Amino acid sequence: MEKIYNHKEIENKMYQLWEEKNAFSPEKVIKLRNPKNIGEPYSILMPPPNANAPLHCGHATYAIQDLMARFKRMQGFDVCYFPGTDHAGFETQYVYENKLKKEGKSRFDYDRQTLYSLVLNFVKLNSDLAINQLKKIGISADWRRNTFMLDKKVVDRVYKTFIKMHKEGLIYRDGYMVNYSTFYGTTFSDLETEYKDSVSPLYYIKYSVKGTEESITVATVRPETIYADVAIAVNPKDNRYKKYVDKVVINPLNGREMPIIQDEYVDIDFGTGALKITPGHDINDYKIGKKHNLEIISLIDLDGKLNELAKDCAGLYPNQARVKSVEILKKKGALAKVDEAYENRVLIDYKDGRPIEPMILPNWFINMEQLSEAAIKSVENEDIKFNKKLWKNEILRWLKEKKPWPISRQTIFGISIPVWYPIEDNDNLQVTFINSKGESKFGSIKSLLSIYNLKEIEDGLQKVIVPANAKYVVSVDKPGDGKQYLPETDTFDTWFSSGQWPFTTTGFPDSSDFKKYFPTSFMDSMWDIMFFWIARMLMFSLYLTKDSKKGSQVPFKNVYFHGAIADKSGKKMSKSKGNTIDPLEFVEKYGADALRMGILVGGNTASRYSPLDEDKVRGYRNFANKIWNVARFIQISEENAAVPFGIELTDKTLRSEDIKILTDCSALVESVTSKLNKYNFKLAGEEIYEFIWNRLANQYLEEIKDRKDITAKRTLKEVFSICLKLLHPFMPFVTEAAWQELKQKGDLDLIVSNWPN
RNA sequence: GGGUGAUUAGCUCAGUUGGUUAGAGCGCUUCGCUUACAUCGAAGAGGUCGGGGGUUCGAAUCCCUCAUCACCCACCA
């Protein structure tokens, strides 16, 4: 053995050894183990990393799942760890579009099919890269069970679920206030938007009251939307406006006569106490509009420009129209004053921080009423348990909102929604496509068909915009009834497919894996996707199993939410801050074992932000070397006479220090096992570290250095081998390597050896 | 605006149901190249556990209050 532990060489060798023996395959492990009994199933789903980029430091937290997999495998459970990678819809398209941009191109240069296959190739390359990187950190998933989010089995499952939900009335199509990015040309769910502090001018606009000399002044940051105003609202308790309540005001931009309504929502103390109501472009106005049965006027088109209703401002983008509309108002004498330094918050997308336009757009929705209800019950009953009460409360709070889930996205990279629109029944389908000469064309299908044949349109199809009340057929394939159809060009929200991950990976409903490993035992994920993913999986699971013999089932019994990996000063790692760590750089420098310890023991995975400190990782690299050298000491002291594993506490030749360390060691086993079962990784790891370094290496080993008897050697070997087992889930490589050095012919590999008790 | 959590050594954090002199890693100081390991060993400095009040024989640990800092949700015309 080398004096210094060479992690680079040995980690590769050990992983190779496990793969050669198929030690990650549950079927094979049963044969490798001794005794060859089959334990209870214990299954873990890997949250599929996005296959659009190399892994980042957050993926080092996969060590948590791997720890549980290795721990339970050694305990004799029938462990199946299901891996996979995600297509990550919009995220991936975003990454790919940036790539196109560097090449001087954009998504608008391609028809749907071409763009889709380009992105798919890109993703497949990255998917392999992601898997290889996970292997580098020692992940012991059964790679032969790998699932990619666009595999046929996944797409089939997604279609089936959509069709089932549609049949049962949970899916509907509606015009609804959505978060629309005119830049990306797609909607976002509420979870995908943020508010940003901003300073904007606040305009005070006078609306004259019909039949009087008086006017009501309203404050707004978006004067360009006055074209879409339908009412003025005041608080019913506001005495200043009581006299106007039955009167009508004149819209200063288009002369529309608008009612003055009363609603509790209006804050008496804010601005002037009077609020303009624009149901087409503001979520609160939309709600008030619905309540008071007001007309909804859409002023902004999908391309982000104002439409013909905006008169003089038609064709302008909102920020341009703002300037122009203010000029017009000024000329008309309707501008009372401007507060230039007004602090407000503007809606942006989470990805790039570009403005989001709330607007009414036809979209596919899931009614969450029943689905949430079932999920709430299972959380309250603790059919599904969380590692902190905080998470239980947060997820309940969110579920109780029961907000409809918009599931359609206007991106091409994703699973398409299996819907077809009959052309003859829908006069007003708006189509964008690239013709055979490579020119982009836009128009209603009726007018386009007078110039092009349907085949040419289909081949170059980019987007079909469909009104909310369109007639449609739900079908995976184009209906064969002789009618002409255009497909839905929207794709599913990526969470619609990843929400069914527990089903697609295990092969719901008939496969043996599903029968054996569902519901899964342990789910580890970062808390930031609690609503996106964990809540959705829970709802899908309860829904899809509701008609089964066993009744509704949760997808996993235990959820462990870990924190975001932060730098040593507790700041979340992000590219913009420049404090990111490439996990593979640490693997290279200090070894995967050291990195894993840095995550599992150096920080605290259970807190919201868990620091990863390079100094600590270096310390754990030293620890690996310490372990290596204890093994080396044992090997040297064995000389030519091999010492077998195992010694009984009843052995008469044991001296008092031997008995002491053997008993201390059993106490350690008990404590570590119990802590791991409670997911207390940090304390368990610290205890082993402390025991090996201080108790075993510094103390006992020094005590027996001069002893020549075999008993001391046997005791040392016994205690050390137990330590290797306890530490294996944390530091799989060095423990296995040390074990390989000490084991004798016929002994099992550490990965499939039995957990001590 | 609604809610949650945190505040312990220079830094990053542990401290299980309240119980003997408050712990770890890194960093720091001094000494030591002793044949497992200098990616090491030995010894050591350093904290009135955010402030104040209370319960108790006894509180970092329970209660109240103040302060500071995070975070989640909703969203201001």
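Sequence lines set the chain letters: A, B, ... in the order given, protein chains first and strands last, and positions in each chain run from 1. All heavy atoms count here, side chains included; hydrogens, waters and symmetry mates do not. For clarity, every value in this text was computed on a predicted model and none was experimentally measured.
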Under the salt bridge (Lys or Arg N to Asp or Glu O under 4.0 Å) test, residues paired with A:Lys682 that sit two or more places apart:
A:Glu686

Whole-Å distance separating the CG atom of A:Asp269 from the P atom of B:C76:
17 Å

What interatomic distance, in whole Å, is found between C1' of B:U61 and the corresponding atom of B:U8?
12 Å

Would you kindly give the CZ-to-P distance between A:Phe586 and B:U39, to the nearest whole Å?
19 Å

Would you say the side-chain atoms of A:Asn235 pair up with the backbone N or O of A:Ile268, donor to acceptor, closer than 3.5 Å?
no

Whole-Å distance, A:Arg222 CZ to B:C76 P, equals 12 Å

Any strand is fair game: report the nucleotide pairing with B:G58 by Watson-Crick or G-U wobble, both distances under 3.5 Å, or none.
none

Grab the N/O contacts between the protein and nucleotides 70-74 of chain B below 3.5 Å, and write none if there aren't any.
unit_1 : atom_1 : unit_2   : atom_2 : d
B:C71  : O2'    : A:Arg608 : NE     : 3.2
B:C71  : O2'    : A:Arg608 : NH1    : 2.9
B:C72  : O2'    : A:Glu394 : OE1    : 3.4
B:C72  : O2'    : A:Arg397 : NH2    : 3.2
B:C73  : O4'    : A:Arg397 : NH1    : 3.3

Is the distance between the ring centroids of A:Phe623 and A:Tyr5 under 6.0 Å?
no

I'd like the C1' distance from B:A22 over to B:G46, given in whole Å.
13 Å

A:Tyr590 vs A:Tyr620, test: ring pair (Phe, Tyr, Trp, His ring centres under 6.0 Å). Steps then yes/no.
CA-CA 8 Å; A:Tyr590 306 112; A:Tyr620 294 123; over 10 Å; no

If only atom types and distance count, is the side chain of A:His7 paired as donor or acceptor with the main-chain N or O of A:Glu588 below 3.5 Å?
yes

Which one is paired to B:G41, where only Watson-Crick or G-U wobble pairs with both distances under 3.5 angstrom count?
B:C31

Separation of A:Tyr620 atom OH from B:C37 atom P, in whole Å?
24 Å

Kindly determine whether A:Tyr560 and A:Phe681 satisfy ring pair (Phe, Tyr, Trp, His ring centres under 6.0 Å), including the steps that lead there.
CA-CA 11 Å; A:Tyr560 183 92; A:Phe681 311 121; 5.2 Å; yes

Work out how far the C1' atom of B:G5 is from that of B:A9, and round it to whole angstrom.
23 Å

Under 4.0 Å, heavy atoms only, any strand: does A:Asp285 hit a base, just the sugar-phosphate, or nothing?
nothing

Taking only Lys NZ, Arg NE, NH1 and NH2, and the carboxylate oxygens of Asp or Glu, determine whether A:Lys402 and A:Glu373 approach each other closer than 4.0 Å.
yes

Between A:Phe561 (CZ) and B:U4 (P), how many Å, whole number?
19 Å

Would you mind classifying the nucleic acid contact of A:Asn284 as base, sugar-phosphate or nothing, using non-hydrogen atoms under 4.0 angstrom?
sugar-phosphate

When the C1' atoms of B:U55 and B:U65 are compared, how many Å lie between them, rounded to an integer?
15 Å

Nearest-nucleotide comparison on RNA chain B, the residue closer to the 5′ end among A:Asn604 and A:Thr272
A:Asn604

Pairwise P distance, B:U34 and B:U39 [rounded to whole Å]:
14 Å

Please produce a list of atom pairs where a protein N or O lies less than 3.5 Å from an N or O of nucleotides 28-36 of chain B.
unit_1 : atom_1 : unit_2   : atom_2 : d
B:A36  : OP1    : A:Lys705 : NZ     : 3.3
B:A36  : O3'    : A:Arg632 : NH1    : 3.2
B:A36  : O2'    : A:Asn629 : OD1    : 2.5
B:A36  : O2'    : A:Arg632 : NH1    : 2.6
B:A36  : N7     : A:Lys705 : NZ     : 3.3
B:A36  : N6     : A:Ala697 : O      : 3.3
B:A36  : N6     : A:Glu702 : OE2    : 3.3
B:A36  : N3     : A:Asn629 : O      : 3.4

Earlier contact from the 5' end, RNA chain B, for A:Asn393 and A:Gly603
A:Asn393

Have a look at A:Ile4 and say if it touches a base, only the backbone sugar-phosphate, or nothing, with a 4.0 Å heavy-atom cut-off.
base

If I take atom NZ in residue A:Lys682 and atom P in nucleotide B:U16, what distance separates them, rounded to the nearest angstrom?
14 Å

Whole-Å distance separating the CG atom of A:Leu600 from the C1' atom of B:C13:
15 Å

Base, sugar-phosphate alone, or nothing: which one does A:Leu683 contact when heavy atoms must sit under 4.0 Å apart?
sugar-phosphate

Would you mind reading off the distance between A:Ile565 atom CD1 and B:C13 atom C1', rounded to a whole angstrom?
14 Å

Give me the distance, rounded to whole Å, that separates B:G19 from B:U56 when you measure between the C1' atoms they each carry.
12 Å

Polar side chain donor-acceptor pair, A:Asn319 to A:Arg322, under 3.5 angstrom:
no

Within the side chain of A:Asp593, is there an N or O that forms a donor-acceptor pair under 3.5 Å with the backbone of A:Phe733?
yes

Using purine N1 to pyrimidine N3 plus N6-O4 or O6-N4 for Watson-Crick, or N1-O2 and O6-N3 for G-U wobble, each under 3.5 Å, what pairs with B:C13?
B:G23

Base, sugar-phosphate or nothing for A:Trp693? Non-hydrogen atoms, less than 4.0 Å.
sugar-phosphate

With a 4.0 Å cut-off on heavy atoms, is A:Val601 in touch with a base, just the backbone sugar-phosphate, or nothing at all?
nothing

Assess whether a salt bridge exists between A:Glu736 and A:Lys13, defined as any Lys/Arg side-chain N lying under 4.0 Å from an Asp/Glu carboxylate O.
no

A:Asp664/A:Arg695 ion pair, N-O < 4.0 Å:
yes

Distance between P atoms of B:A43 and B:G25 (Å, rounded)
13 Å

Taking any strand in view, what nucleotide pairs with B:C49 in a Watson-Crick or G-U wobble way, both distances under 3.5 Å?
none

According to the Watson-Crick and G-U wobble definitions, with both distances under 3.5 Å, which nucleotide is paired to B:U68?
B:A6

